[in-house]
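In what follows, every chain begins at residue 1, and chains take the letters A, B, ... in the order their sequences are listed.
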4 protein chains.
Amino acid sequence: MIVIDYKDRRPIYEQIVERFQELILKGVLEADSQLPSVRNLAMDLSINPNTIQKAYTELERQGYTYSVKGKGSFVAVTDRLVQRKKEEVLDAASQLAKLAREYGVGKEQLINAILDGFKEEHND
Amino acid sequence: MIVIDYKDRRPIYEQIVERFQELILKGVLEADSQLPSVRNLAMDLSINPNTIQKAYTELERQGYTYSVKGKGSFVAVTDRLVQRKKEEVLDAASQLAKLAREYGVGKEQLINAILDGFKEEHND
Amino acid sequence: MIVIDYKDRRPIYEQIVERFQELILKGVLEADSQLPSVRNLAMDLSINPNTIQKAYTELERQGYTYSVKGKGSFVAVTDRLVQRKKEEVLDAASQLAKLAREYGVGKEQLINAILDGFKEEHND
Amino acid sequence: MIVIDYKDRRPIYEQIVERFQELILKGVLEADSQLPSVRNLAMDLSINPNTIQKAYTELERQGYTYSVKGKGSFVAVTDRLVQRKKEEVLDAASQLAKLAREYGVGKEQLINAILDGFKEEHND
DNA sequence: GTGGTCTAGACCACG
DNA sequence: GTGGTCTAGACCACC
């Protein structure tokens, strides 16, 4: 479920945060379902529990999860987060379009690239 | 011409590299024109010459500039680089479209955001 | 009567203690009336009896209840406790005023906020 | 400047965060002035650098400071934060008034307590 | 020198 | 068992 890429320049805890965000936003992990325990996941990935802890703390801070001492970490309700993510994507699109114009990429080419991306089957 | 944002989390040399890439790709700096000397720029920005040196080395490595011993650094011919940049933008668009579909952003919304970005005046 | 909020960061036993304090101080639970048995309440709330026990022990320690071996826990006479609580509230007000002054909040604004809080209907 | 209270139940890093917030909000530490380095402060307080690091990370997250790798941590512009703090104080006052009414504390008593707090000289 | 990340190992409160 | 905090010591990129 979680894979660490040691060639990735980003810190491990950040990779873990991002991966869980993905799993939660896409509904793979349902609301109130439990995340792996800090210790278990640390053993699984052969990394230090503190690193997992840091990732979980960050997820909680961002509102993706909530944690109960002595019980575990759980997926929070995500409606607002999904909404926020959608806005982020649209903002990114808008920024990208600006950039494209600045570098002389044609509007048609850009939209074609968008349509291509939409068509492609994805195999996660 | 170059402004450093100390609150930006990215390293200073990276900010400098990116800024020169921009100036070069947009044609503000013409081919074979000379970049400011390491010392001058360092004084101008009140930062360590080593930091400028690192930025210039990186620019040369990426093909944006070439350096002549004892003379300075100069802007390289950029046709290939512009082309590469355009491809990058189109790839990014394609990736973004995939992401949008995965998060349930509608194709129309996405294209509207793109068109918006294209319309807007930019005030760099 | 008692509701546990698992998303609340405070420990469960502390939530229970506080809720009983409230019920007792506001007179919902009268003096010498019996609290639910440890086992019953534990079953009701689907939590560990040890957690209830810890809450009851704490309530007794603070003088809100007294326990009779083999009979159960009972609400103590509360006049002193109510008095103590009122003093606590007044102390808190005084502290808050100090803080307000230190951060440059005007006396009038502060008193208006107080009056607002007094006016508002509460819907517990 | 910073004192750790080991009897305090709250974690050390939280005490440090709160203390710096105070110093910054009250203007003792001015905008863009440098905080003690992670290592120095750790030595001064005889605690582990990681604990300071955690405090500084939290301060940055909350917008009180910004950090530059290789340079240090610096106080951020605080206008917005002071404003936020003032609102917090007013909210707290409103909540306190509600509580007071619920426990039968008279409006006059409460306001007197507020006025007392405002009058008192403070000797930090 | 600086902040940032990570490991290893420990202790605590909670349930 | 769980999450949360802390220590000790290390390495990295950056300036």
Student: What is the ring orientation for D:F20 with D:Y56, classed by angle as parallel under 30°, tilted 30 to 60°, or perpendicular over 60°?
Tutor: perpendicular
Student: Using a cut-off of 4.0 Å on non-hydrogen atoms, how would the nucleic acid contact of D:E60 be classed: base, sugar-phosphate, or nothing?
Tutor: sugar-phosphate
Student: Tell me: NZ of D:K69 to P of F:dC12, nearest whole Å?
Tutor: 13 Å
Student: Are A:E58 and A:R61 close enough for a salt bridge, meaning some N to O gap below 4.0 Å?
Tutor: yes
Student: In whole angstrom, give the distance that lies between atom OH of B:Y6 and atom P of F:dC14.
Tutor: 15 Å
Student: Between A:G70 and A:R10, which residue's closest nucleotide on DNA chain E lies nearer the 5′ terminus?
Tutor: A:R10
Student: Could you pick out which residue, A:N40 or B:E14, lies toward the 5' side of DNA chain F when each is mapped onto its nearest nucleotide?
Tutor: A:N40
Student: Quick one: B:L45 CG to F:dC15 P, roughly how many Å, whole number?
Tutor: 12 Å
Student: Salt bridge or not for C:D8 and C:R10, using N-O below 4.0 Å?
Tutor: yes
Student: So, taking the atom named NZ in A:K71 and the one named CD1 in C:I47, what distance separates them when rounded to the nearest 0.5 Å?
Tutor: 9.5 Å
Student: Using a 3.5 Å limit for the pairing distances, which stems of at least 3 consecutive Watson-Crick or G-U wobble pairs does DNA chain F take part in?
Tutor: E:1-14 with F:1-14
Student: Does a side chain donor of either C:E60 or C:T65 reach within less than 3.5 Å of an acceptor in the other side chain?
Tutor: no
Student: Should the pair B:E22-B:K26 be classified as a salt bridge under the 4.0 Å nitrogen-to-oxygen rule?
Tutor: yes
Student: Cation-pi check, D:K86 to C:Y103: give yes when NZ or CZ is under 6.0 Å from the six-membered ring centre and within 45° of the ring axis, no otherwise.
Tutor: no
Student: Considering heavy-atom distances to DNA chain E, does D:S37 or D:N50 have its closest nucleotide positioned more toward the 5' end?
Tutor: D:S37
Student: Which part of the nucleic acid, if any, lies within reach of C:I12 when heavy atoms closer than 4.0 Å are counted: base, sugar-phosphate only, or nothing?
Tutor: sugar-phosphate
Student: From A:L41 CG over to A:L35 CG, what is the distance, rounded to the nearest 0.5 angstrom?
Tutor: 8.5 Å
Student: Backbone N or O of D:Q53 within a donor-acceptor pair of the D:T57 side chain at under 3.5 Å?
Tutor: yes
Student: If you walk 5' to 3' along DNA chain E, what is the first nucleotide with an atom under 4.0 Å of a heavy atom in chain A, and what is the last?
Tutor: E:dT5 to E:dG15
